[in-house]
K.L.:
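Below is the structure I would like to discuss, written out as structure tokens.
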Amino acid sequence: MKATLLPPPPPAAAKRRRGPRVAVLALFLCSLLVPLAFLFDRSQSGYVTTDERRRQEVVLPEFHHVEKADGDGTVNGLNQDAPKKTPKVNSGGLQKHKQTDRHTSRISTKPKVLPSPKVDPSEAVKESTQGTREVSKVRKRLDKGTNTDEVENEKACQLEFGSYCLWSREHKVVMKDSIVKRLKDQLFVARSYYPSIAKLEGQEELTVLMKQNIQDHERVLSVSTVDADLPSFINKKMEQMEQTIARAKSCTVDCRNVDRKLRQILDMTEDEAHFHMKQSAFLYNLGAQTLPKSHHCLSMRLTLEYFTSSSLGSNDSSARKFSAAHGRHYVILSKNILAASVVINSTVNSSKDPKKIIFHILTDAQNFYAMKYWFDKKSYREAAVHVVNYEDIIKEKLTKFNVRHLYLSEEFRVLVRSTEQPAGKTRMEYLSLFSHSHFFIPEIFKDLNKVVVLDDDVVVQCDLSFLWSLDMGDKVNGAIEFCGLRLGQVRNLLGSTTVDTKSCAWMSGINVINLDKWRKHKVTENYLLLLKKFLTKDETSLRAAAFPLSLLSFQHLIYPLDERLILSGLGYDYAIDEDVARSSAALHYNGNMKPWLELGIPSYRRYWKRFLTRDDKFMDECNIIP
């Protein structure tokens, strides 16, 4: 009987057998990479509810070639506090701007505007805000007491991780477990000597003993992080390790090898610390971006109650009051019920004549019914509250505009470095500006000629009625100027548009808007033209474009308000004096540490909680603790 030799399988069959193996290998690799992508924040944003999408990171590109600015420095980087994503900007326009900037800054065409008379706030504001100007002095004193290297390291940390560095510095826990610390020190020294001892002839016993002690220390530290968790025999282990290290030091070894090993351990430790810091910063930003569960519960309960309740109906008298030209109209963009409620409560309680006040809250479709039910049921000292579904208005009546979603005020972190001394000190500035949605306010309120726009993270502590008597001339936007940052320092981010390099930046928070002058100067139309010059392929790049668009659209149209009107920085700056905060006309919690979050700065949160609605059954059901 002859044995027959079978021919080898065809190549196609072999490929079919290799197919499942490749697929299994690919799935295995994906299972390893996906968790890493989450930890390093390279994946898309996670679950973000209603309010806090505006707190995400928006990183504008860093340009290496920057013309010398007329101011004292130039912007090195521009971020918002949260996960980093780099949008694309119209680089062609920027390159052209770099070449022509010196000439265009001299021949920039300014719109013809009347000289704007400056009207000071009321005496009440002056008296109640005498200490506000002392804030900068307080901060300077704090900076003087800090080492220069520490300040620069802090700013470098802020550039990478944002306001997390400020938060972590205040919540830093000093290690009090001296025995655990000593164990780690012994372990590092033993590891640095072990490779050199292992190479010596005649030291086999010492090598085995060192290895055993290192393993014992590693085993103990893997299960014990504090002194209370250490086993009872730890003192004996420490004595044995100390004796072993003493024997190792008595041996003749090459110090360069020990030094090299110590440096390797130090580098590994620094890498591990940076990894854990990155994880912590991610969790911090996640906490800042997401709406608290209790607030989300409140929104859902109010929405359900709106559709199940039959007591609410249209009120013609209120509808007429909403469009009354003689009233004092405030506009608030918000997706947070309690935040908007605090703004309204504080404004009304600080007002001498609340009957004339009308609030217009622009919110999104998701929160519209909850907001409407809440504010229809609450009373604010005879002030009227008008809740507007922004997305429905844009979709139904303003179809020519492409920005359909509601965006709240954008907040940017700016690192300014001197152009004359690049290696010198840098400074970190935080700036809040209008979002894209703000530019459609004149189209939504066509019957109004003047409004005051309030951010939903503002607390008013003084009567603002004097704002309605301001004569802003031909200016459009009454705002607090921020001359710590001038347009000349950020002109590499402003495209090819002509720029007045000496103009100051400005901030949102409390803004007096002359809608008639807005329409006269066609600010919205100019904004739409500028928007086309910046590539906005996704939401991140769209929100990043709010920085140059806000500064360019209101160039030469800003009426500078008295800087004592509002105190900013309560959402990131721990150095603000409490007496100054208590006496300020208004407080602005710009930054990641909002007062309604657990991350909020405790000493500042009480000013916000003072105007928070209490004794509400829905707040009790959702476990919202004032």
Side-chain angles (χ1 to χ4, degrees), residues 109-122 125 322-333 343 347 351 353 356-362 386 388 390 393 398 401 409 432-455 458 460 463-482 500 503-530 546 549-563 565-566 585-586:
T109 56
K110 301 182 182 179
K112 294 181 180 180
V113 294
L114 298 175
S116 53
K118 196 160 185 176
V119 180
D120 292 331
S122 62
V125 175
F322 294 150
S323 59
H326 62 275
R328 295 170 181 169
H329 296 265
Y330 292 86
V331 176
I332 305 170
L333 282 71
V343 178
T347 305
S351 175
D353 192 5
K356 296 181 179 180
I357 296 179
I358 303 104
F359 293 98
H360 304 272
I361 303 177
L362 297 181
H386 180 208
V388 181
Y390 170 87
I393 289 182
L398 303 174
F401 300 127
S409 296
S432 58
L433 292 168
F434 279 179
S435 69
H436 297 279
S437 300
H438 286 79
F439 288 93
F440 306 126
I441 290 176
E443 302 295 328
I444 297 174
F445 304 105
K446 293 184 177 181
D447 297 331
L448 303 181
N449 53 26
K450 188 175 185 179
V451 297
V452 172
V453 179
L454 301 174
D455 284 356
V458 166
V460 178
D463 184 24
L464 299 181
S465 58
F466 71 93
L467 294 176
W468 302 98
S469 61
L470 287 178
D471 181 5
M472 300 196 302
D474 211 33
K475 304 293 186 180
V476 173
N477 183 358
I480 302 296
E481 284 191 325
F482 185 72
D500 181 3
S503 293
C504 297
W506 54 275
M507 294 186 67
S508 66
I510 297 180
N511 299 87
V512 184
I513 304 298
N514 189 327
L515 297 179
D516 289 338
K517 300 299 181 182
W518 183 305
R519 300 180 184 106
K520 174 185 174 182
H521 290 291
K522 298 183 179 180
V523 175
T524 301
E525 289 79 357
N526 293 335
Y527 151 79
L528 293 173
L529 291 174
L530 289 169
L549 291 175
S550 289
L551 295 178
L552 292 173
S553 298
F554 293 103
Q555 192 177 190
H556 310 303
L557 298 176
I558 295 294
Y559 176 86
L561 297 177
D562 194 299
E563 63 181 12
L565 175 63
I566 187 169

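In this text the structure is predicted, and so the values were computed from the model without any measurement.
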K.L.:
Where is the tightest heavy-atom contact between Ile357 and Asp353, given as atom of each residue plus distance?
P.N.:
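In this case the closest contact between Ile357 and Asp353 is CG1-O, 4.2 Å.
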
K.L.:
Looking at every non-hydrogen atom in both residues, tell me the closest pair between Lys517 and Gly473 and how far apart they are.
P.N.:
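Here Lys517 and Gly473 meet closest at CE-O, 3.5 Å.
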
K.L.:
Counting N and O atoms only, with roles assigned by atom type, does the side chain of Thr347 sit under 3.5 Å from a partner on the main chain of Val343, one being a donor and the other an acceptor?
P.N.:
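Flag set: sc Thr347 to bb Val343 pair under 3.5 Å.
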
K.L.:
Show the nearest heavy-atom pair for residues Leu565 and Ala585, with the distance to one decimal.
P.N.:
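Leu565 and Ala585 have their closest heavy atoms at O-CB, 3.2 Å.
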
K.L.:
Who are the side-chain hydrogen bond (donor to acceptor under 3.5 Å, both in side chains) partners of Asn477, not counting sequence neighbours?
P.N.:
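Per chain and number, Asn477 pairs via side-chain hydrogen bond (donor to acceptor under 3.5 Å, both in side chains) with Asn511.
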
K.L.:
Should the pair Phe554 and Trp506 be assigned to parallel (<30°), tilted (30 to 60°) or perpendicular (>60°) ring geometry?
P.N.:
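Taking Trp506 first and then Phe554, their aromatic rings stand perpendicular (interplane angle over 60°).
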
K.L.:
side-chain contact (heavy atoms from CB on, under 4.5 Å) between Asn514 and Val476: does it pass, once the steps are laid out?
P.N.:
CA-CA 5 Å; Asn514 189 327; Val476 173; 5.6 Å; no

K.L.:
Is the side chain of Lys475 donor-acceptor paired with the backbone N or O of His556 at a distance under 3.5 Å, no angle test?
P.N.:
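Present.
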
K.L.:
Could you go through the side-chain contact (heavy atoms from CB on, under 4.5 Å) check for Ser437 and Leu362 one step at a time?
P.N.:
CA-CA 9 Å; Ser437 300; Leu362 297 181; over 6 Å; no

K.L.:
Please name the pair of heavy atoms, one in Val458 and one in Gly509, separated by the smallest distance, quoted to 0.1 Å.
P.N.:
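Taking every non-hydrogen atom into account, CG2-O, 3.6 Å.
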
K.L.:
Please lay out, stage by stage, how His521 and Asn526 fare under the test side-chain hydrogen bond (donor to acceptor under 3.5 Å, both in side chains).
P.N.:
CA-CA 9 Å; His521 290 291; Asn526 293 335; over 6 Å; no

K.L.:
Could you please spell out the steps behind the side-chain contact (heavy atoms from CB on, under 4.5 Å) verdict for Leu467 and Ile510?
P.N.:
CA-CA 10 Å; Leu467 294 176; Ile510 297 180; 4.1 Å; yes

K.L.:
If we only count heavy atoms from C-beta on, is the Glu525 to Leu529 side-chain gap below 4.5 Å?
P.N.:
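Counting from C-beta outward, Glu525 and Leu529 never come under 4.5 Å.
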
K.L.:
Identify, with sequence neighbours excluded, every residue that meets side chain to side chain contact (heavy atoms under 4.5 Å, CB included) alongside Glu443.
P.N.:
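Once residues adjacent in sequence are excluded, the partners of Glu443 under the side chain to side chain contact (heavy atoms under 4.5 Å, CB included) criterion are Leu398, Phe401, Lys446.
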
K.L.:
With sequence neighbours left out, write down each residue that passes ring-ring contact (aromatic ring centres under 6.0 Å, His included) with Tyr390, or none if nothing qualifies.
P.N.:
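For Tyr390, no residue satisfies ring-ring contact (aromatic ring centres under 6.0 Å, His included) once neighbours in sequence are set aside.
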
K.L.:
Could you list the residues that satisfy ring-ring contact (aromatic ring centres under 6.0 Å, His included) with Phe445, not counting sequence neighbours?
P.N.:
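By the ring-ring contact (aromatic ring centres under 6.0 Å, His included) rule, Phe445 matches His360.
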
K.L.:
Output all residues satisfying side-chain hydrogen bond (donor to acceptor under 3.5 Å, both in side chains) with Ser435, sequence neighbours left out; order by chain, then residue number.
P.N.:
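If we apply the side-chain hydrogen bond (donor to acceptor under 3.5 Å, both in side chains) test to Ser435, skipping adjacent residues, the hits are His438.
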
K.L.:
So Ile441 and Ile513, side-chain contact (heavy atoms from CB on, under 4.5 Å) or not? Walk me through it.
P.N.:
CA-CA 10 Å; Ile441 290 176; Ile513 304 298; 5.9 Å; no

K.L.:
Measure up the Phe434 and Phe439 rings against each other and bin them: parallel (under 30°), tilted (30 to 60°), perpendicular (over 60°).
P.N.:
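The arrangement is perpendicular - the two ring planes meet at more than 60°.
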
K.L.:
Without swapping roles, check the side chain of Arg328 against the backbone of Ser465 for a donor-acceptor pair under 3.5 Å.
P.N.:
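It does not hold such a pair.
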
K.L.:
Looking only at heavy atoms, which two atoms of Ser553 and Leu530 are closest? And how far apart?
P.N.:
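It is OG-CD1, 3.8 Å.
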
K.L.:
For Ser432, what residues pass the side-chain hydrogen bond (donor to acceptor under 3.5 Å, both in side chains) criterion, not counting sequence neighbours?
P.N.:
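Ser508.
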
